[in-house]
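Labels below follow one simple rule: chain letters A, B, ... track the order of the sequence lines, proteins then strands, and each chain is numbered from 1.
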Number of protein chains: 2
Amino acid sequence: MVRPTMEDVALRAGVSRALVSLVMRGSPKVSEMRRSAVLKAAEELGYSPHAMARSLASRTSTVLGVMVSDLHNAFFAEVVDGIDEVAREQGFDIIINTGGRSPARERRALESLLSFRPAGLVLLSPVVPGGAIGKAAEQLPIVLVARSSRVSSVDTVNDDGEVGARLAVEHLVSLGHQRIAHLDGGEGTQAGPRRRGYVAAMESFGLAPQVVPSEYTDAAGARAVRSLIAEDALPTAILSCNDFNAVGAISALEDAGLRVPSDVSVVGYDNTSLAALRHVSLTTIDQPRAEFGRLAADALLQRVRSERTEPVRHLLTPSLVVRNTTAPPGGLR
Amino acid sequence: MVRPTMEDVALRAGVSRALVSLVMRGSPKVSEMRRSAVLKAAEELGYSPHAMARSLASRTSTVLGVMVSDLHNAFFAEVVDGIDEVAREQGFDIIINTGGRSPARERRALESLLSFRPAGLVLLSPVVPGGAIGKAAEQLPIVLVARSSRVSSVDTVNDDGEVGARLAVEHLVSLGHQRIAHLDGGEGTQAGPRRRGYVAAMESFGLAPQVVPSEYTDAAGARAVRSLIAEDALPTAILSCNDFNAVGAISALEDAGLRVPSDVSVVGYDNTSLAALRHVSLTTIDQPRAEFGRLAADALLQRVRSERTEPVRHLLTPSLVVRNTTAPPGGLR
DNA sequence: TTACAGCATTGGAGCGCTCCAACCAATAGA
DNA sequence: TCTATTGGTTGGAGCGCTCCAATGCTGTAA
């Protein structure tokens, strides 16, 4: 249960502690003979450097902290993959902590992450108030993903929800739809841009927008569709605020004896793994998630290396993924 | 960008560094007067303790490392929730790292986690060879979740796949099914117990087991069903190795013009959020995931506090969740 | 009065490492 | 021959903290 230290390795290799340190950091000014002797001793003892002592002594860190607001959402997993890829390439490690969607828990996660004095922090769709982020940003570089900020010391990476919604509308219009409703995400992150993009796109085609209040869950999607049916206001196509909502909408449509896509077309948003299941096969808007992560890590590392001080605002363009829930409206066939 | 140290707080509060340390650790032997003076100074300076320096000096850690083999799988998110809950209660923090399902990456993640010298480690369904785990177990307490081990210094928490499979078979038999096939998980973790439980349960009812090779994906489930149809060997009920496989199976059945559950019943395994979607509404086997996490954290903390040395092997009992993909076989109605 | 607890407080050593100035050949230049 | 130069190596200080033995106090018993 007790790990060997540099001192032990030095003793065994018959050199000084400082020399072991040089070898461990891959310094070029060590003779081949000593280097191999040190490496051998380290191997035999099962030595590996103590990251904390190292970071304490060097007053630097090779760790990037990542706070994931919700581990249950696979969206973030892919962003983390992107971050990890870039961090690894540049010799950084990442540690993750989760906020469980609750501001209090998130705050604690942030504190915990900060107590490790990482080189920088990526916050994935955080729900803590902006003030807390601004305060943390005084201590280290911070990048926000899927959340905007006006703080100039903070970089942001987001998808362009307006473009995504427009893509969906254009797709539906090109299929011949004119009555297209939007099941709105309400307070949810990114619901605003998606709604605005939908309304703008509809108006640009001279069509009347129909925004239906809803939420980011399948139950909410189903509820919204039932209310549309009850009011006899069912359109020929639906643009949901996300994939879960879309799946709920589809199931309510089917319950009502309607068929997707022959009677009603449905488009989701996010291209979650759910959408790709053949049983669902949902037409949806894809966001380049891994790219989010890569750009976030790049931006962060630039700040860490003090290569840049002006903020960066990445706005990535989403793309349309056509599957089997969209078709021309029934009347046109 | 520079955080204040204990020295700064001590200076401002007009006390010694050691006294600040006592206050920060909530020692009872500090006069109320000094305590509030220190707290006030800390507050004003925005001081928070340096976790690494603390752990270096105290030769202890209040951090638990968690390695998640696959962040994309929501299964682990709930286990992490359970770990987090218990750790927090007992004054520990957790840091997460991910192995991305690849042994090489996982090894690196393990190294990275170890370099922080955490008090202990929870490995969620790791794919690294047992040797690496055993070696790490010489350095700190380790608990394995969703993976078994014979190493006596390692605790394990698993679900009883045999019981789960039996529950599914019993449910189907009670509905009147006699021809029940199992779409097998092959090499996947926990596929073995599930298969054994299925075979044993079938035999205990005097029924002939029908094990069909498959995998833990929806595409594999669909493929397996198509091959059953092609061979004219379709049973009246299917027990899939997991939920994804089940959803794939359902979609292939529907493609073939069969209806679920009136023509064929399908049971999944894992009770993922997918299964709960109304569009899917899958009968499945639920594992107490958060409980996995809680037990794992408890076991780990016992070891950390040296309260126990003999290994613990938790085997949790799963339960059946009946939804809308199972019904009596068509012939009986 | 002295002695002795008991309590709050403090300085110093040390955790495992990095960094720096100093050092020591061995070789090169004059 | 003497002085520089260079490449390799080393001891010591110090990162922010904890822990411990020692210190100064007050209050109480002898």
What's the closest nucleotide to the B:Lys29 side chain, out of C:dA8, C:dT18, C:dG16?
C:dA8

Just how far, in rounded Å, is C1' of D:dG14 from CG of B:Leu56?
12 Å

Distance in angstrom units between A:Leu22 CG and D:dT10 P, rounded
10 Å

May I have the distance from A:His50 (atom NE2) to D:dG16 (atom C1'), rounded to whole angstrom?
13 Å

Considering every strand and a 4.0 Å limit on heavy-atom distances, what is the contact class for A:Arg34: base, sugar-phosphate, or nothing?
sugar-phosphate

I'd like to know if B:Asp155 and B:Arg308 make a salt bridge, using a cut-off of under 4.0 Å between side-chain N and carboxylate O.
yes

Say whether B:Asp270 and B:Gln287, considering side chains only, have a donor N or O and an acceptor N or O under 3.5 Å apart.
yes

For the helix from C:dT1-D:dA30 to C:dA30-D:dT1, measure the angle between the helix axis at one end and the axis at the other, each built from five pairs, rounding to 10°.
70°

Closest nucleotide among C:dG16, C:dT18, D:dC17 to the A:Ser58 side chain
C:dT18

Distance in angstrom units between A:Met24 CE and C:dC19 C1', rounded:
17 Å

Could you state the CD-C1' distance from B:Glu7 to D:dC17, rounded to the nearest angstrom?
10 Å

Give a yes-or-no answer on whether the side chains of B:Ser112 and B:Arg108 include a donor-acceptor pair shorter than 3.5 Å.
no

Quick note, B:Ala53 side chain, CB onward, closest among C:dC19, D:dT18, D:dG16 is D:dG16

Please pick, from D:dC15, D:dT18, D:dC17, the nucleotide with the shortest atom-to-atom distance to any side-chain atom of A:Ala57.
D:dC15

Between C:dC19 (P) and A:Arg54 (CZ): distance, integer Å:
9 Å

Between A:Arg59 and B:Val15, which residue's closest nucleotide on DNA chain C lies nearer the 5′ terminus?
B:Val15

Residues A:Arg105, B:Asp81: salt bridge by 4.0 Å N-O rule
yes

What is the distance, rounded to the nearest whole Å, between atom CZ of B:Arg17 and atom P of C:dG11?
9 Å

The side chain of B:Met6 is closest to which nucleotide in this list: C:dT18, D:dC17, C:dT9?
D:dC17

To the nearest Å, how far apart are A:Leu19 CG and C:dC19 P?
15 Å

